Amino acid sequence: MNASLSPSVPPAGSAGPDALRTLLERSLPAVMGVLNITPDSFSDGGAFIAPARALERARAMIADGVDIIDIGAESTRPYKGARPVTAADELARLKPALADVVALGVPVSIDSMKAEVVAFALDHGAAIANDVWGLQRDPDMAPLIAARGVPVVAMHNRDSVDPAIDIIADMKTFFRRSLDIAAQAGIVRDKIVLDPGIGFGKTAEQSMTALARLRELDMFGLPILVGASRKRFIASVSPSEPSERLAGSIAAHLIAAQRGAKIIRTHDVGETLQALRVAHAIESKQ
């Protein structure tokens with residue numbers, strides 16, 4: 001089904017069409033909070049699928065200082081076992097929760113690889129599209145984003161892990177393809193954010209390499225989003241379950257911020273924001 005290109009309400013919601021641009025102009029990275037309304041997400045699957053629990057979670061993140069709430073209704077966890085769902089199923093999870101979350105007034109991004117789902121979310125006040133396949137999976141996605149004029153996060157992904165490849169070279173090739181698709185569709189370049197996709201189609205070593213060499217993505221001249229929160233590569237260094245990876249997540253995110261990341265996507269908003277603020281305060285004394 002082709003996604004509708006014409007919004008029924010203003011496409012960027014109550015937060016305003018320039019909300020992301022304003023956040024990106026700050027010296028401190030913006031913090032994007034994860035809101036999974038799914039039964040099977042790798043870290044907190046099922047915890048917030050009930051609309052009341054999702055709203056409670058969103059309010060808690062706002063109290064902690066979140067800048068963007070990233071709502072997703074399909075698990076795209078970066079390991080084998082994620083169960084694909086139809087757009088109808090994804091929308092059935094999203095519809096009861098989205099309007100109340102948007103009404104809280106913080107910019108909302110919609111984490112989906114399906115243009116039909118993104119279109120619904122934009123129609124109902126979401127401000128940003130977050131595509132874990134970098135505009136390369138659903139052919140309707142790029143035309144939709146272009147028509148709506150909203151920012152989009154294009155994430156690097158792979159169908160399978162290949163330990164032998166140079167993951168940075170692979171990301172550069174992938175992003176060139178994503179940017180070509182965006183240009184052909186008419187997406188304004190300054191509306192695009194790149195995400196190296198930590199954990200997605202990568203070994204633990206490749207995820208760490210992506211973080212260590214993050215500055216190499218500066219060649220594209222675009223903002224970078226990093227979401228290392230609770231990812232499995234942390235356990236390869238320090239054995240732990242997802243709920244036990246706060247310290248490792250913060251370490252990875254501080255390194256990402258030092259290497260120029262402008263948005264940090266996390267499950268743990270308050271702790272991450274505190275770490276970013278303290279690191280920034282210390283660095284400002286140099």
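All figures in this text were calculated on a predicted structure; none of them were measured in a lab. All values below come from the heavy atoms of this structure, side chains included, with hydrogens, waters and symmetry mates left out.
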Asks: So, does Ser249 use its side chain to make a donor-acceptor pair with the main chain of Ala247 at under 3.5 Å?
Replies: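 Side chain of Ser249 to backbone of Ala247: no pair is present.
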Asks: Look at Arg53 together with Glu56 and state whether they make a salt bridge at an N to O cut-off of under 4.0 Å.
Replies: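 Between Glu56 and Arg53 there is a salt bridge, with a charged N closer than 4.0 Å to a carboxylate O.
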Asks: Donor-acceptor pair, distance only, cut-off 3.5 Å: does the side chain of Arg148 make one with the backbone of Val150?
Replies: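 Pair absent, no side-chain N/O of Arg148 close to backbone of Val150.
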Asks: Quick one: do Lys114 and Asp131 make a salt bridge, cutoff under 4.0 Å?
Replies: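 Result for this pair is no, no salt bridge flagged.
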Asks: Is a side-chain N or O of Thr266 found less than 3.5 angstrom from the main chain of Gly33, in a donor-acceptor match?
Replies: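 Judged by distance alone, no pair lies under 3.5 Å.
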Asks: Do Glu283 and Gln258 come close enough that some side-chain heavy atom pair is under 4.5 Å?
Replies: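 A side-chain contact under 4.5 Å exists here.
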Asks: Would you check if Val152 and Ile128 make a side-chain contact, meaning some heavy-atom pair closer than 4.5 Å?
Replies: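 Heavy-atom side-chain distance check fails, nothing below 4.5 Å.
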Asks: Tell me if a side-chain donor or acceptor on Arg259 pairs with a main-chain N or O of Leu214 at a distance below 3.5 Å.
Replies: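 Between the backbone of Leu214 and the side chain of Arg259 there is no qualifying donor-acceptor contact (under 3.5 Å).
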Asks: Any non-hydrogen side-chain atom of His280 less than 4.5 Å from a side-chain atom of Ser27?
Replies: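 Counting from C-beta outward, His280 and Ser27 do come under 4.5 Å.
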Asks: In terms of side-chain heavy atoms, does Glu90 have a donor or acceptor partner in Ser112 at a distance below 3.5 Å?
Replies: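 Checked: Glu90/Ser112 side chains pair up, N/O donor to acceptor below 3.5 Å.
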Asks: So, Asp170 and Thr173: side-chain donor and acceptor under 3.5 Å apart, yes or no?
Replies: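 Side chains of Asp170 and Thr173: no pair found under 3.5 Å.
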Asks: What I want to check is whether the side chains of Thr38 and Glu74 have a donor and an acceptor closer together than 3.5 Å.
Replies: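 No, Glu74 and Thr38 have no side-chain donor paired with an acceptor closer than 3.5 Å.
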Asks: Could you verify whether a donor N or O on one side chain and an acceptor N or O on the other, from Asp70 and Ser109, lie under 3.5 Å apart?
Replies: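 Ser109 and Asp70 do have a side-chain donor-acceptor pair below 3.5 Å.
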Asks: Any sub-3.5 Å donor-acceptor pair from Glu244's side-chain atoms to Glu241's backbone N or O?
Replies: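 Between the backbone of Glu241 and the side chain of Glu244 there is a qualifying donor-acceptor contact (under 3.5 Å).
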Asks: When you group the ILVMFWY residues by side-chain heavy-atom contacts below 4.5 Å and let the links chain together, are Leu91 and Ile37 in the same group?
Replies: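 Same hydrophobic cluster.
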Asks: Given 3.5 Å as the limit, does a donor-acceptor pair link the side chain of Asp67 with the main chain of Val31, or not?
Replies: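 Pair found, side chain donor or acceptor close to backbone of Val31.
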Asks: Just how far is it from atom CE of Met171 to atom CD1 of Ile165, taken to the nearest 0.5 Å?
Replies: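 Rounded to the nearest 0.5 Å, the CE-CD1 separation comes to 9.0 Å.
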Asks: Using the ring of each side chain (for Trp, its six-membered ring), is Phe174 parallel, tilted or perpendicular to Trp133, with breaks at 30° and 60°?
Replies: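 Rings of Phe174 and Trp133: tilted, as their planes differ by 30° to 60°.
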Asks: Give the intermediate values and the outcome of side chain to side chain contact (heavy atoms under 4.5 Å, CB included) for residues Ser178 and Met155.
Replies: CA-CA 9 Å; Ser178 292; Met155 195 192 82; over 6 Å; no
Asks: Donor-acceptor pair, His124 side chain versus Phe120 backbone, under 3.5 Å?
Replies: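 Looks like yes, one N/O pair under 3.5 Å.
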Asks: Does the side chain of Lys202 pick up a donor-acceptor pair with the side chain of His156 at under 3.5 Å?
Replies: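 There is such a pair (donor and acceptor under 3.5 Å, judged by atom type) between the side chains of Lys202 and His156.
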Asks: Linking I/L/V/M/F/W/Y whenever any side-chain heavy atoms sit under 4.5 Å apart, do Ile168 and Phe200 land together?
Replies: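 Linked within one cluster.
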Asks: Asp166 and side chain to side chain contact (heavy atoms under 4.5 Å, CB included): which single residue from Arg213, Lys172, Gln206 fits?
Replies: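 That would be Arg213; it is the only one of Arg213, Lys172, Gln206 passing the side chain to side chain contact (heavy atoms under 4.5 Å, CB included) with Asp166.
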Asks: Which atoms form the tightest heavy-atom contact between Met32 and Ile263, and what is the distance?
Replies: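 Minimum heavy-atom contact is CB-CG2, 4.0 Å.
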Asks: If we only count heavy atoms from C-beta on, is the Val153 to Val132 side-chain gap below 4.5 Å?
Replies: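 No - every pair of side-chain heavy atoms lies 4.5 Å or more apart.
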Asks: Tell me whether Leu28 is reachable from Leu254 by hopping between hydrophobic residues (I, L, V, M, F, W, Y) whose side-chain heavy atoms are closer than 4.5 Å.
Replies: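 Leu254 clusters together with Leu28.
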Asks: Are any non-hydrogen side-chain atoms of Leu98 and Ile71 less than 4.5 angstrom apart?
Replies: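 Answer yes - side chains close enough.
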Asks: Taking atom types as modelled, find out whether His253 and Thr272 have a side-chain donor-acceptor pair closer than 3.5 angstrom.
Replies: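 Per modelled atom types, His253 and Thr272 side chains form no pair under 3.5 Å.
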Asks: Determine whether Phe233 and Glu205 make a side-chain contact, defined as any pair of heavy atoms from C-beta on separated by less than 4.5 Å.
Replies: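 No; the side chains remain at least 4.5 Å from each other.
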Asks: Testing the basics here: between Ile224 and Val193, what is the closest heavy-atom pair and its distance to 0.1 Å?
Replies: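 Closest pair (atom of Ile224, atom of Val193, distance): C-CG1, 4.2 Å.
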Asks: Charged N to carboxylate O under 4.0 angstrom, Arg265 versus Asp195?
Replies: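 Salt bridge absent between Arg265 and Asp195.
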Asks: Do the charged groups of Arg177 and Asp180 touch, with an N to O distance under 4.0 Å?
Replies: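 Salt bridge: no.
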Asks: What about Val226 and Val237, same hydrophobic cluster or not, with Ile/Leu/Val/Met/Phe/Trp/Tyr joined at side-chain heavy-atom distances under 4.5 Å?
Replies: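 Same hydrophobic cluster.
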Asks: Are Ile255 and Ile250 connected, step by step, through hydrophobic side chains (Ile, Leu, Val, Met, Phe, Trp, Tyr) whose heavy atoms are closer than 4.5 Å?
Replies: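 They do not share one cluster, since no chain of ILVMFWY contacts under 4.5 Å joins Ile255 to Ile250.
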